[in-house]
Amino acid sequence: QAATPAVAAKRPNIVVILVDDAALMDFGAFGGEARTPNIDRLARSGAMFTSYRTSPLCSPSRSMLLTGVDNHRAGVATIEEILPPSQKGKHGYNLHFEPGVLTIADRLKANGYRTLMAGKWHLGHGEGDLPNGHGFDRSLALDASGADNWQPKPYMPYYTEAPWFEDGKPAKLPKNFYSSDLLVDRLKGYIDEKPAGAQPFFAYLAFQAVHIPVQAPKEVSDRYQGRFDAGWAAVRAARNERAKALGLIPADAPTVGMPDFARDWNKLTPEEKAIYARAMEVYSGMLESMDASIGRLMQHLQARGELDNTLFVVTSDNGPEFSDPVHAPGMDIWMALHGYAWKLKGQGEKGSLNFIGRDWAAALAAPSRLFKFYTTEGGLRVPLILSGPGVAPGQRIAAPAFVTDITPTLVDFAGATAGPAGVSLDGRSLKPVLTGQAKTVRGADEPVGIEVSGNAALFRGHLKLTRVMPPLGDGQWRLFDLETDPAETKDLAKDRPELFQAMLKDYEAYEARVGVAKLPPGYTTQQQLMSNALDRQKGSIAVLAGGALVLVLGGVGFLIWRRRKARA
Ligand SMILES: O=[N+]([O-])c1ccc(OS(=O)(=O)O)cc1
């Protein structure tokens with residue numbers, strides 16, 4: 001669907017679809033197990049970026065995607081769930097957009113677009129920090145890292161509620177829904193508030209899929225019965241092979257199997273195998289259900305005569321999620337109190353708390369190492385698809401692209417040059433690459449830095465300097481050539497000391513430029529997550545303890561009263 005001049009002159013609608021925690025190879029077109037025909041159709045009719053990188057964590061990635069500005073400069077250096085008290089209040093660590101940082105919605109609105117959003121926000125909750133304070137005309141927004149997919153309930157010890165907002169005010173959600181359907185239905189409603197063609201729109205569709213809790217309609221999950229019975233090592237090996245067949249990595253690139261920390265699938269009990277295999281059936285069902293709802297949105301735009309004039313972006317915020325909320329300390333009590341279970345029966349359905357955990361996450365991250373939170377390729381390298389007017393079909397683009405490039409690319413496609421400039425952008429428009437005018441949008445030596453809570457990387461073309469922090473890393477800097485070694489197996493720091501030192505210098509300059517704050521000694525993301533979760537729950541624990549005390553005192557009082565009455 002190459003654009004005719006007439007179509008190109010008309011400003012396109014723009015739909016940005018952000019999948020939560022999807023791995024590089026989760027979509028069918030990228031080699032995934034789940035059926036995602038609608039995403040695959042967008043991939044075929046547009047461009048697949050195979051060297052696209054984001055940050056290793058949710059809110060920082062979202063801040064960069066929506067602004068084109070580095071996460072620290074944007075104000076969202078990390079997620080509040082792992083923020084140490086010593087970083088609180090530092091510039092870049094307020095975890096909402098700093099003044100002068102414009103979102104793509106701000107920019108497109110200033111250029112006459114209608115701006116709509118449905119889904120996860122996770123970018124601040126103070127006055128003015130929700131989507132309606134950042135350029136969105138209409139929004140249904142979840143102000144948390146996640147929530148139950150079936151009902152307006154929270155999902156883990158971190159949260160005591162599911163904070164849904166519509167246009168900045170507490171939202172009334174139906175008692176029962178499925179998240180992907182709810183979000184697309186709401187978005188369709190917002191789109192329909194204006195007749196087709198009256199005004200171009202920008203829509204940000206930020207799915208809960210496939211974040212924890214991993215939940216999906218049973219009949220869809222059932223389509224994957226038996227698909228994962230061979231376990232994680234088999235799935236990782238098969239993905240490694242498909243990565244080569246699909247050209248995501250060179251045919252002669254070294255690949256790695258499961259990491260040392262992974263459990264041996266064959267040593268699991270039959271019950272454990274069943275529940276972990278089902279977790280992945282549900283994960284695939286969640287991807288397929290999400291894809292079906294994308295299909296419904298596309299059909300809706302087709303019926304409005306607007307599909308051909310809509311530019312789609314499909315991507316993920318970071319690599320696959322390893323967190324296991326079920327086995328965290330105190331979770332059994334929390335789950336019982338909230339009516340949740342972790343068991344095979346009903347897994348992924350309403351009332352279940354399902355997750356894939358770190359062994360599956362490590363498998364899904366193939367051909368890369370590790371996953372979300374970490375700056376190995378498993379955390380950073382995710383799929384990116386751009387499709388629509390002005391993008392020639394069937395493109396495979398290996399040029400490096402970064403999450404900060406999305407906003408300038410969309411500004412470019414929309415011709416959105418009016419309005420305030422805002423703070424300067426770190427990203428570059430990918431349009432020259434998409435239209436064949438350039439092979440790449442950065443010079444081979446131009447550095448791009450990434451840092452989230454100590455995990456860090458610096459890219460220069462296909463060269464990558466990286467530091468992975470404990471518990472899964474050792475905090476040492478390493479140098480890799482991703483072109484020949486996408487699995488980061490051979491550290492080149494000693495072979496190329498000058499390059500190593502030069503890239504370290506680049507990284508230091510990056511830290512100074514964007515304002516990376518120091519971490520307290522001994523900091524790890526996982527410990528901070530638990531400690532912040534406990535702090536958060538103190539309030540509700542106090543309420544529970546208070547309630548229990550009232551019950552006990554009331555009971556004792558009643559007994560005394562009955563005794564006295566009996567004596568009288
Ligand atoms: O509490 N957790 O398990 C948790 C919290 C946040 C989180 O990351 S986020 O990227 O989804 O915000 C992942 C896991």
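Source: prediction; values computed, not measured. Residue numbers count from 1 along this sequence. Counting starts at 1 for both ligands and their atoms, in listed order.
Of the protein's non-hydrogen atoms, the one nearest atom 6 (C) of ligand 1 is Ser145 OG, 3.6 Å. Scanning the protein for heavy atoms near atom 13 (C) of ligand 1, the closest one is Glu321 OE2, 3.1 Å. Atom 1 (O) of ligand 1 has Met156 SD, 2.9 Å as its closest protein atom, hydrogens excluded (heavy atom only). Looking at atom 10 (O) of ligand 1, its nearest protein heavy atom turns out to be Cys58 CB, 2.7 Å. Counting protein heavy atoms only, atom 8 (O) of ligand 1 is closest to Lys372 NZ, 3.4 Å. Closest to atom 11 (O) of ligand 1 among all protein heavy atoms lies His211 NE2, 2.5 Å. Among all non-hydrogen protein atoms, the one lying nearest atom 12 (O) of ligand 1 is His122 CE1, 2.8 Å.
Electrostatic pairing of Arg263 and Glu272 does not count as a salt bridge here, judged by no charged N lying under 4.0 Å from a carboxylate O. Salt bridge annotation for Asp291-Arg296: absent, with no cationic side-chain nitrogen under 4.0 angstrom from a carboxylate oxygen.
Remark: aromatic rings of Trp265 and Trp360 are close, center separation under 6.0 Å.
Residue contacts with ligand 1: Asp20 is placed with no nitrogen or oxygen under 3.5 Å of a nitrogen or oxygen of the ligand (distance criterion only). Not a single N or O atom of Asn318, backbone or side chain, sits closer than 3.5 Å to an N or O atom of ligand 1.
Annotation for ligand 1: atoms under 4.0 Å from non-hydrogen atoms of Leu57 are 10 (O).
Within the structure, salt bridge (Lys or Arg N to Asp or Glu O under 4.0 Å) pairs that include any residue of residues 318-337 comprise Glu321-Lys372 (at least two apart or interchain). The stretch residues 83-97 participates, sequence neighbours left out, in no salt bridge (Lys or Arg N to Asp or Glu O under 4.0 Å) pair at all.
A cation-pi contact, defined as under 6.0 Å to the ring centre and within 45° of the axis, is absent between Lys273 and Phe228. The cationic group of Arg278 does not satisfy the cation-pi geometry with Tyr283, failing either the under 6.0 Å distance to the six-membered ring centre or the 45° limit from the ring axis.
Contacts with ligand 1 closer than 4.0 Å are made by side-chain heavy atoms of Lys120 only, the backbone lying farther away. Contacts with ligand 1 closer than 4.0 Å are made by side-chain heavy atoms of Ser323 only, the backbone lying farther away.
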Determine whether Phe322 and Phe355 satisfy the following criterion, ring pair (Phe, Tyr, Trp, His ring centres under 6.0 Å), listing intermediate values before the conclusion. CA-CA 8 Å; Phe322 71 92; Phe355 67 96; over 10 Å; no
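Exactly one of Asn71, Thr54, Thr404 qualifies for a side-chain hydrogen bond (donor to acceptor under 3.5 Å, both in side chains) with Ser61. That residue is Thr54.
Assignment of Gln208 to the shell around ligand 1 is not supported, since no heavy atom sits closer than 4.0 Å.
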